[in-house]
Participant: 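Provided herewith is a single structure, encoded as structure tokens, for subsequent inquiry.
Lettering follows sequence order; numbering is per chain, from 1.
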There are 2 protein chains.
Amino acid sequence: MSLRIALLGLLTAYGSASGYDLTKGFERSVAHVWQAGHSQIYPELAKMTADGLVTVEAEGARGRKIYSITPEGRAELRAWLIGHDPTGPTRSEVALQAFLLPLLEPREALDVLERLKSHMEHKLAELEALRASKQAASTPERTSGVRFGDLALDLGLRQVRTSLQWADDAIAQIGRQTSTEEGAAPS
Amino acid sequence: MSLRIALLGLLTAYGSASGYDLTKGFERSVAHVWQAGHSQIYPELAKMTADGLVTVEAEGARGRKIYSITPEGRAELRAWLIGHDPTGPTRSEVALQAFLLPLLEPREALDVLERLKSHMEHKLAELEALRASKQAASTPERTSGVRFGDLALDLGLRQVRTSLQWADDAIAQIGRQTSTEEGAAPS
DNA sequence: TCGCCCATGTAACCGGTTACATGATTCA
DNA sequence: TGAATCATGTAACCGGTTACATGGGCGA
């Protein structure tokens with residue numbers, strides 16, 4: 001269901017677009033929030049056409065089909081935003097590693113945490129770059145006076161920073177305990 | 001793959017357990033990090049037995065099979081924790097709603113944010129209750145001097161608090177803009 | 001003309017969810 | 001004896017990923 005919504009959202013933002021455009025759009029803008037490859041998008045667009053949520057507005061060169069959203073599609077999108085409770089189950093590999101971490105020796109656990117941390121630093125850099133590039137290009141505002149995608153980007157940035165803080169604290173906590181218990185000086 | 005790991009982790013913590021126990025264990029302890037129903041767990045245990053990661057230690061009343069982890073299983077778990085990069089794609093319905101929110105009228109957007117907020121408050125309460133109950137029952141410590149699952153719980157709590165903060169700020173931001181633009185007094 | 005990008009699709013597979021199905025044990 | 005819980009399994013389905021397959025247009 002959410003794939004539909006994401007497609008309807010992008011189509012609203014773009015006005016009209018081909019499956020190819022939407023695939024690229026996924027990579028660029030929605031990527032850190034939702035992912036989908038072309039092999040998922042093309043069949044979904046076909047189904048959505050059958051359901052009357054989008055229409056093939058025109059057919060361009062080399063089989064290119066240009067889709068646009070219909071009033072029914074707009075209604076569906078609006079209904080989902082207003083009415084859908086996001087109950088999506090949280091399945092996180094990072095959290096699972098965190099969960100199981102105490103099964104390891106402290107030294108090993110510290111290594112894992114360091115790796116997680118650098119992973120998060122990488123992601124933070126990515127999101128910050130994205131924000132910078134969005135600020136440069138002045139995307140048109142939407143009704144709420146906030147740019148499309150900005151709220152999600154802000155949320156993502158905060159969450160990554162929180163995770164980083166958590167990793168630092170966990171490292172400190174375990175590091176402190178090992179040096180206390182063993183009476184050994186940290187390297 | 002991660003289902004295997006979670007099962008191996010629980011088996012390590014429990015010593016030995018039946019599929020039924022593990023199903024309940026999922027509901028109780030790993031739930032906010034990873035979910036799995038019995039219909040997924042039973043076949044997976046069968047496969048893991050075939051792969052030599054667990055063994056049926058004994059068969060109890062009414063067909064109850066008691067599994068325990070093998071040295072190979074322990075090795076697999078350790079290898080995953082130490083070596084696996086958690087690249088699991090972030091697919092979040094909350095983030096998707098956040099992303100698309102600027103497509104709505106400010107008033108409607110505010111409603112959605114309020115609903116998201118109360119959702120998060122609910123989850124926060126849940127996690128805090130879980131932490132309280134864990135503190136009461138003194139679960140045995142593991143090698144790192146941190147209790148099994150505690151790091152993940154801490155991470156979860158921080159993330160929910162961050163999300164809540166985000167929702168509050170987003171509400172303030174949009175609310176401010178609407179009242180400024182319209183010159184109307186907030187209800 | 002050769003290679004790259006545009007552009008669309010299909011098929012096999014995998015992990016996960018929901019629903020179907022069955023039977024033993026325990027307790028009121 | 002009837003209801004609840006213990007206990008295990010299978011099957012249909014759905015969303016998503018990877019890989020396969022094809023062909024048009026454009027620029028060097």
Side-chain angles (χ1 to χ4, degrees), chain A residues 1-8 10-11 14 16-28 30-51 54 56-67 80 84 86-93 96, chain B residues 1-8 10-11 14 16-28 30-51 54 56-67 80 84 86-93 96:
Chain A
M1 189 83 294
S2 303
L3 173 60
R4 279 188 170 209
I5 300 303
L7 286 170
L8 290 172
L10 281 185
L11 268 178
Y14 291 173
S16 64
S18 69
Y20 188 86
D21 296 335
L22 291 166
T23 306
K24 295 293 161 188
F26 258 88
E27 282 166 23
R28 266 181 245 115
V30 224
H32 39 104
V33 153
W34 209 268
Q35 300 86 34
H38 78 273
S39 67
Q40 209 186 342
I41 289 171
Y42 289 125
E44 188 64 28
L45 283 171
K47 275 188 237 157
M48 288 163 78
T49 309
D51 293 349
V54 297
V56 179
E57 199 182 57
E59 302 212 14
R62 63 201 124 172
R64 180 186 172 91
K65 288 181 198 160
I66 293 151
Y67 292 90
W80 186 85
H84 177 76
T87 45
T90 330
R91 241 191 214 97
S92 156
E93 288 196 344
L96 183 56
Chain B
M1 189 83 295
S2 303
L3 173 59
R4 278 187 172 210
I5 300 302
L7 287 169
L8 291 172
L10 281 185
L11 268 178
Y14 290 174
S16 64
S18 69
Y20 188 85
D21 296 334
L22 290 166
T23 306
K24 295 292 161 187
F26 258 86
E27 282 166 22
R28 266 181 246 117
V30 223
H32 38 104
V33 154
W34 209 267
Q35 300 87 34
H38 78 275
S39 66
Q40 209 185 342
I41 290 172
Y42 289 124
E44 188 64 27
L45 283 170
K47 275 188 237 158
M48 288 165 77
T49 308
D51 293 349
V54 298
V56 179
E57 200 182 56
E59 301 212 13
R62 63 199 125 177
R64 181 185 170 93
K65 288 181 198 161
I66 293 150
Y67 292 90
W80 186 85
H84 177 76
T87 44
T90 329
R91 241 192 214 97
S92 157
E93 288 197 343
L96 183 56

Participant: Quick one: sort the A:Tyr42 and A:His38 rings into parallel, tilted or perpendicular, breaks at 30° and 60°.
Facilitator: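 Perpendicular, since the angle between the ring planes exceeds 60°.
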
Participant: A:Asp21 has an atom CG; how far is it from atom P of C:dC6, in whole Å?
Facilitator: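 Answer to the nearest Å: 10 Å.
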
Participant: To check you understand the geometry: which heavy-atom pair defines the closest contact between B:Ala36 and B:Ile41, and what is its length?
Facilitator: O-CD1, 3.9 Å

Participant: Atom CZ of A:Arg64 to atom C1' of D:dC26: distance rounded to whole Å?
Facilitator: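 Those two atoms, CZ and C1', are 15 Å apart.
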
Participant: Expressed as a whole number of angstroms, how long is the span from B:Tyr20:OH to D:dT8:P?
Facilitator: 9 Å

Participant: Write down the distance between CD (A:Glu44) and C1' (C:dT10), rounded to a whole number of angstrom.
Facilitator: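 One finds 16 Å between C1' of C:dT10 and CD of A:Glu44, rounded.
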
Participant: Any chance you could list the contact pattern along nucleotides 15-28 of chain C? Use B for base contacts, S for sugar-phosphate-only contacts and - for none, protein heavy atoms under 4.0 Å, 5' to 3'.
Facilitator: -SBBB----SS---

Participant: Heavy atoms, side chains only, cut-off 4.5 Å: are A:Leu3 and A:Met48 in contact?
Facilitator: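 A:Leu3 vs A:Met48: side chains apart.
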
Participant: Without swapping roles, check the side chain of A:Gln35 against the backbone of B:Thr90 for a donor-acceptor pair under 3.5 Å.
Facilitator: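 Looks like yes, one N/O pair under 3.5 Å.
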
Participant: Check B:Thr87 against A:Glu93 and note the closest heavy-atom contact, atom names and distance.
Facilitator: N-OE1, 3.5 Å

Participant: Could you give the CD1-to-P distance, from B:Ile41 to D:dC6, as a whole number of Å?
Facilitator: 15 Å

Participant: If you compare every side-chain N and O of B:Lys24 against the phosphate oxygens of D:dT5 (OP1, OP2), does one of them come in below 4.0 Å?
Facilitator: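 Answer is no, no contact under 4.0 Å.
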
Participant: Round to a whole Å and report the spacing from CG of B:Leu45 to C1' of D:dG9.
Facilitator: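 The answer, rounded to whole Å, is 12 Å.
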
Participant: Do B:His84 and B:Ile5 have side-chain heavy atoms sitting under 4.5 Å apart?
Facilitator: no

Participant: Between A:Tyr42 and C:dG9, does any side-chain N or O lie under 4.0 Å from OP1 or OP2?
Facilitator: no

